Amino acid sequence: MGANSSSISELPENEYLQKLSGSESISENDPFWNQLLSFSFTTPTNSADLKLLEEATISVCKSLVEKNPRTGNLGSLIKVFLSRTKELKISAECQNHLFIWQAHNALFIICCLLKVFISRMSEEELQLHFTYEEKAGPSSYGTECEDLIEELLCCLIQLIVEIPLLDITYSISLEAVTTLIVFLSCQLFHKEILRESIIHRYLMHGRCLPYTSRLVKTLLYNFIRQERSPPPGTHVFQQQTDGGGLLYGIASGVATGLWTVFTLGGVGSKASAQLEQCSPLASQSLLLLLVLANLTDAPDIPNPYRQAIMSFKNTQDNTAFSSSNPHAFQINFNSLYTALCEQQKSDQATLLLYMLLHQNSNMRTYVLARTDIENLVLPILEILYHVEERNSHHVYMALIILLILTEDDGFNRSIHEVILKNITWYAERVLTEISLGSLLILVVIRTIQYNMTRTRDKYLHTNCLAALANMSAQFRSLHQYAAQRIISLFSLLSKKHNKVLEQATQSLRGSLGSNDSPLPDYHFWEMSDCLHFSETKLRHAQDLNVIEEVIRMMLEIINSCLTNSLHHNPNLVYALLYKRDLFEQFRTHPSFQDIMQNIDLVISFFSSRLEQAGAELSVERVLEIIKQGAVALPKDRLRKFPELKFKYVEEEQPEEFFIPYVWSLVYNSAVALYWNPRDIQLFTMDSG
């Protein structure tokens with residue numbers, strides 16, 4: 001027993017942990033700290049290990065929570081860590097394993113304790129655990145508290161931005177990022193969005209503020225570099241064969257027994273699969289970046305981390321920075337673009353891409369100017385294609401990215417010039433050769449059809465159709481399958497319209513009490529009429545309204561293509577003629593009469609030319625007639641409509657969506673972090 005704990009169940013009896021959480025105050029100069037911090041273990045890489053540790057040491061933590069306001073041992077531990085970090089940079093340059101090793105161990109213990117403290121008490125209560133100062137007078141009570149928390153936060157940021165990333169510093173850099181996430185995790189234990197937070201205030205003011213842009217830049221570069229963790233043992237102090245004194249003996253013997261529980265393995269870990277594919281530091285850095293960027297604005301200043309993300313420039317951009325933005329910096333856009341293309345399988349990377357395109361005009365301009373845009377668009381399309389396997393937020397972010405891209409006419413033109421070969425993940429049909437634009441249309445239409453049958457999300461429909469509408473005037477050389485799917489979607493909508501109309505009509509008849517009663521024309525139904533119906537009947541009326549809005553949008557998309565680029569899209573005209581009967585019922589419909597004029601004109605014009613050419617025409621001959629007719633069609637007979645253009649705008653109070661989303665990603669994806677799901681208040685467990 002004692003120090004040499006042979007199993008996790010013996011940890012609560014360990015003498016070092018008992019002393020740390022006991023009634024005796026331990027000075028920061030006490031040799032005890034050298035003993036406590038000289039353990040050797042492989043840094044845990046999954047939440048399963050942390051769960052086991054937390055459950056086993058809960059009695060120790062409870063004791064520390066109870067006695068620390070009197071002993072101040074947590075504060076002493078933090079001061080020990082702070083004193084060791086002052087020479088970390090020199091230690092890294094000199095390859096001083098021992099110094100870095102002990103500093104890492106101190107930070108690891110602090111992080112574990114902080115996580116338990118934050119999950120069990122308010123920020124105000126947490127402050128009390130930083131206030132102990134022997135013989136301190138009343139006037140220094142609050143000041144000492146604030147200074148110690150701020151000093152630790154500032155120290156962590158300095159560690160991240162100033163310590164070079166080497167094999168021997170990888171673990172402590174990762175631990176610093178993790179500890180900052182833990183500091184901010186108080187949000188997890190509140191249902192409402194935190195707008196006044198002590199930790200937020202420290203990060204947005206005072207000593208931390210000057211490091212804003214450097215921290216954002218370092219976290220981005222950690223994501224870009226995707227540095228994998230070094231092999232086990234390279235960052236851990238090794239016992240020397242010639243003895244080496246007290247610390248060496250403890251490292252190889254006494255304390256090793258205490259911490260071997262951390263190497264139990266990753267069975268059942270939610271993060272272990274990710275770690276096989278990516279860098280723990282890159283993953284954790286991205287999560288911290290997303291958390292910082294989505295902090296709510298302070299009452300006196302906007303979120304400086306978001307300001308930094310909004311304003312950074314390319315390293316090749318020589319234009320001067322605005323003096324009004326102290327948080328601006330430069331980063332290599334090519335490296336960032338490459339990393340974004342490669343990492344889109346994760347929600348985090350897709351969310352980062354969304355933020356950069358939406359908030360940073362420099363990055364958006366750069367992305368839209370790339371000649372290899374397919375490297376970015378294809379992973380986004382693959383997310384949408386596998387909609388059944390993705391969570392709804394990931395799909396939504398991917399779709400919004402497409403909507404933002406399609407706001408640019410240059411993008412809408414260029415995607416039809418990029419020819420792709422053998423898209424292996426598209427399973428409905430073999431696509432040996434297709435343009436990126438046609439593939440984008442196919443995937444968006446598939447997403448609409450999936451949504452119609454499964455999720456029935458109006459906003460998903462709206463954004464899918466908005467992206468197609470933005471592209472429609474620049475449709476070029478549509479693949480025959482893409483053209484068919486556009487008309488097939490309209491066919492599906494038409495059938496759904498007829499079904500909903502029939503159900504609504506039956507509901508109205510039922511409400512009148514007779515199947516023989518005359519019915520008002522459904523086109524003139526008012527909401528006041530619907531209020532007299534049951535909830536089911538009201539739903540039918542609402543469904544009819546929604547489906548007619550979608551049909552209207554599809555007709556506008558087809559019309560936009562015909563009026564702007566008919567001669568470029570013979571396959572769409574062919575598909576339109578092949579299914580011409582679909583459109584007959586909408587010619588006189590009050591909601592569609594105007595938009596049907598051009599479509600009806602095109603159908604009539606080309607039908608007449610085909611009739612003149614005779615019967616039994618081959619597909620090739622029909623396409624030839626269409627191409628010839630496209631030149632002869634009098635364009636002045638086509639009615640002009642306003643250009644279809646939709647722009648993505650965030651809803652009011654976007655933090656209500658993004659903050660729970662970001663923290664659900666932290667909860668599900670953070671490396672070696674575990675929170676008891678019963679304690680989480682911010683979101684339900686199935687929302688991540």
Side-chain angles (χ1 to χ4, degrees), residues 45-48 50-51 115 118-119 174 177-191 193-194 216 219-220 222-224 226 269-296 303 305-306 309 339-340 342-359 379-380 383-384 386-387 389-401 650 654-677 679-688:
T45 58
N46 59 73
S47 60
L50 270 295
K51 179 181 179 182
K115 193 174 71 64
I118 288 171
S119 68
L174 175 58
V177 172
T178 302
T179 307
L180 280 177
I181 291 176
V182 168
F183 254 122
L184 291 159
S185 66
C186 52
Q187 177 64 80
L188 281 171
F189 312 106
H190 293 80
K191 285 185 178 179
I193 302 301
L194 290 181
V216 170
L219 295 175
L220 279 172
N222 285 348
F223 167 70
I224 290 170
Q226 292 289 317
S269 166
K270 59 196 172 188
S272 57
Q274 272 196 333
L275 289 177
E276 293 175 1
Q277 303 172 3
C278 69
S279 154
L281 180 60
S283 175
Q284 210 85 324
S285 294
L286 178 53
L287 289 171
L288 176 58
L289 180 63
L290 294 174
V291 169
L292 291 170
N294 285 282
L295 296 178
T296 56
N303 178 346
Y305 302 94
R306 188 184 306 121
I309 285 175
L340 287 166
E342 293 173 349
Q343 300 298 321
Q344 284 306 304
K345 288 185 178 180
S346 79
D347 286 63
Q348 300 92 283
T350 303
L351 182 53
L352 175 63
L353 175 59
Y354 159 79
M355 285 170 45
L356 295 178
L357 289 176
H358 178 56
Q359 298 178 3
I380 298 299
I383 293 168
L384 292 175
H386 296 294
V387 58
E389 304 167 17
R390 304 290 181 182
N391 72 67
S392 58
H393 288 354
H394 197 187
V395 170
Y396 194 72
M397 286 297 101
L399 189 54
I400 296 301
I401 287 167
E650 279 187 346
E655 65 274 9
E656 298 288 342
F657 170 84
F658 285 104
I659 290 178
Y661 180 31
V662 167
W663 278 106
S664 72
L665 296 180
V666 174
Y667 175 82
N668 285 296
S669 306
V671 178
L673 276 176
Y674 164 79
W675 288 277
N676 190 326
D679 296 335
I680 305 300
Q681 298 292 316
L682 181 61
F683 51 82
T684 55
M685 287 301 103
D686 60 353
S687 70

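These figures come from a predicted structure and were not determined experimentally.
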Legend entry - Spacing of E655 atom CD and E650 atom CD [to the nearest 0.5 Å]: 9.5 Å
Inset, instruction - Find the distance between CG (L295) and CG (L290) and round it off to the nearest 0.5 Å. - result: 11.0 Å
Legend entry - L188 and V666, any side-chain heavy atoms less than 4.5 Å apart: no
Inset, instruction - For the pair T296 (side chain) and L194 (backbone), establish whether a donor and an acceptor sit closer than 3.5 Å, ignoring hydrogens and angles. - result: yes
Legend entry - Point-to-point distance, once rounded to the nearest 0.5 Å, from CG of L180 to CG of L292: 7.5 Å
Legend entry - Single hit among D347, L340, L357 for side chain to side chain contact (heavy atoms under 4.5 Å, CB included) with L352: L340
Legend entry - Minimum heavy-atom distance between Q344 and I383, given as atom pair plus value: O-CD1, 3.3 Å
Legend entry - Donor-acceptor contact below 3.5 Å, side chain S346 vs main chain A349: yes
Inset, instruction - Heavy atoms only: give me the nearest S283-Q348 pair and the separation to one decimal. - result: OG-NE2, 4.3 Å
Inset, instruction - For Y661 and M397, work out which heavy atoms get closest and say how close. - result: CE2-CG, 3.9 Å
Legend entry - Side-chain heavy atoms of Q681 within contact of K191, under 4.5 Å: yes
Legend entry - Straight-line distance of E342 CD to I224 CD1, nearest 0.5 Å: 11.0 Å
Legend entry - Check: T179 and K115 side chains under 4.5 Å, non-hydrogen atoms: no
Legend entry - Smallest separation among heavy atoms of S119 and F189, with atom names: CB-CZ, 3.4 Å
Inset, instruction - Mark yes or no for whether Q284, through its side chain, and T178, through its backbone, hold a donor-acceptor pair below 3.5 Å. - result: no
Inset, instruction - To the nearest 0.5 angstrom, please state how far the CG atom of L356 sits from the CG atom of L220. - result: 7.0 Å
Legend entry - L353 vs I380 side-chain heavy atoms within contact, under 4.5 Å: yes
Legend entry - Straight-line distance of L287 CG to L184 CG, nearest 0.5 Å: 12.0 Å
Legend entry - Polar side-chain atom of K345 near backbone of P379 as donor-acceptor pair, under 3.5 Å: no
Inset, instruction - Work out which heavy atom in S279 is nearest to a heavy atom in A282; give both atom names and the distance. - result: OG-N, 3.0 Å
Inset, instruction - Return the minimal non-hydrogen interatomic distance between A293 and N303, and the atom names on each side. - result: O-ND2, 3.4 Å
Inset, instruction - Check whether the ring centres of Y354 and F658 lie less than 6.0 Å apart, and answer yes or no. - result: yes
